[in-house]
Amino acid sequence: MQRESFFEMVYEVVRLIPRGRVTSYGAIARFLGSGKSARMVGYALNGAWRKDDIPAHRVVNRLGVLTGKHHFPGSFAMEQLLEEEGIQVKEDRIVDFEARFWDPQKELNQQL
DNA sequence: TCCATGACATCCA
DNA sequence: CTGGATGCCATGG
């Protein structure tokens, strides 16, 4: 029995994303389980904005596009938050996405 | 239980 | 580049 919802699991992973790094919905989905779908991650992040602990701006789609910037509370732009951490954003896309990419499955596995 | 929705991922035209 | 279709599956009505 899952004590936390799928959302909570996603939130935990997002919280672990290092500053100045980004990850994709699909990566998180694979990390949680091959059976999960990236859609669920996006769906979960949809409720993340309610929690100020969740750096949802570090989560983008597989192309590094800020697909969810439209869903942000409004005051703060996704790009602004990203550049604040040293991440360059150009045309709603993350510059050097591959270099900035943070794979939970890989990175966390090293530490564990 | 069925139906609709969704911040995705892939494939194809 | 755009747009449509399909797969994926948790959540809510």
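Protein chains get the first letters and strands the later ones, always in sequence-line order, with residue 1 at the start of each.
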Open item on the list: Using every non-hydrogen atom in the two residues, find where A/F97 and A/R62 come nearest and quote the distance to one decimal.
Closed with: CE2-O, 3.2 Å
Task: Flag if over 12 foreign heavy atoms under 6.0 Å of CZ, A/R21 - done: yes
- [ ] Report the distance from atom CG of A/N61 to atom OG1 of A/T67, rounding to the nearest 0.5 Å.
- [x] 4.5 Å
- [ ] Can you tell me which residue pairs pass the ring pair (Phe, Tyr, Trp, His ring centres under 6.0 Å) test with a partner in residues 7-56 of chain A, sequence neighbours excluded?
- [x] A/F7-A/Y43
TODO: Indicate the atoms forming the closest heavy-atom contact of A/I94 with A/V60, along with that distance.
DONE: CD1-CG1, 3.8 Å
- [ ] Apply side chain to side chain contact (heavy atoms under 4.5 Å, CB included) to the pair A/R15 and A/I54, showing each step before the final yes or no.
- [x] CA-CA 6 Å; A/R15 245 176 293 202; A/I54 313 299; 3.8 Å; yes
TODO: Check whether any side-chain heavy atom of A/L82 lies under 4.5 Å from a side-chain heavy atom of A/L66, and answer yes or no.
DONE: yes
Open item on the list: Return the CZ to CD1 distance between A/R19 and A/I87, rounded to the nearest 0.5 Å.
Closed with: 9.0 Å
- [ ] Output every pair passing ring pair (Phe, Tyr, Trp, His ring centres under 6.0 Å) with a member in residues 50-74 of chain A, not counting sequence neighbours, ordered by first then second residue.
- [x] none
Task: For A/D103, all residues meeting side chain to side chain contact (heavy atoms under 4.5 Å, CB included), sequence neighbours excluded - done: A/A27, A/F101, A/Q105, A/K106
Open item on the list: Just to be sure I understand the geometry, which residues of residues 19-30 of chain A put a non-hydrogen atom under 4.0 Å away from DNA chain B?
Closed with: A/Y25, A/G26
Open item on the list: Using a heavy-atom cut-off of 4.0 Å across all strands, would you classify A/N61 as base, sugar-phosphate, or nothing?
Closed with: sugar-phosphate
Open item on the list: The criterion is side chain to side chain donor-acceptor pair (under 3.5 Å); which residues satisfy it with A/K69, sequence neighbours excluded?
Closed with: A/D92
Task: Pairwise salt bridge (charged side-chain N to carboxylate O under 4.0 Å, His left out) hits with a residue in residues 80-90 of chain A, at least two apart - done: A/R58-A/E85
Open item on the list: If you take any heavy atom closer than 4.0 Å to DNA chain B, which residues from residues 48-57 of chain A end up in contact?
Closed with: A/A56
TODO: If a protein heavy atom is under 4.0 Å from the base, mark B; if only from the sugar-phosphate, S; if neither, -; do that for nucleotides 6-13 of chain C going 5' to 3'.
DONE: -BBBBB--
- [ ] Report the hydrophobic cluster partners of A/L63, with the cluster defined as I, L, V, M, F, W, Y residues connected by side-chain heavy atoms closer than 4.5 angstrom, directly or transitively.
- [x] A/V65
- [ ] Could you work out which one of B/dA9, C/dC1, B/dA7 sits closest to the side chain of A/M78?
- [x] B/dA7
Task: Pair pattern of DNA chain B in dot-bracket, where unpaired bases get dots and | marks partners in another strand, Watson-Crick or G-U under 3.5 angstrom - done: .|||||.||||||
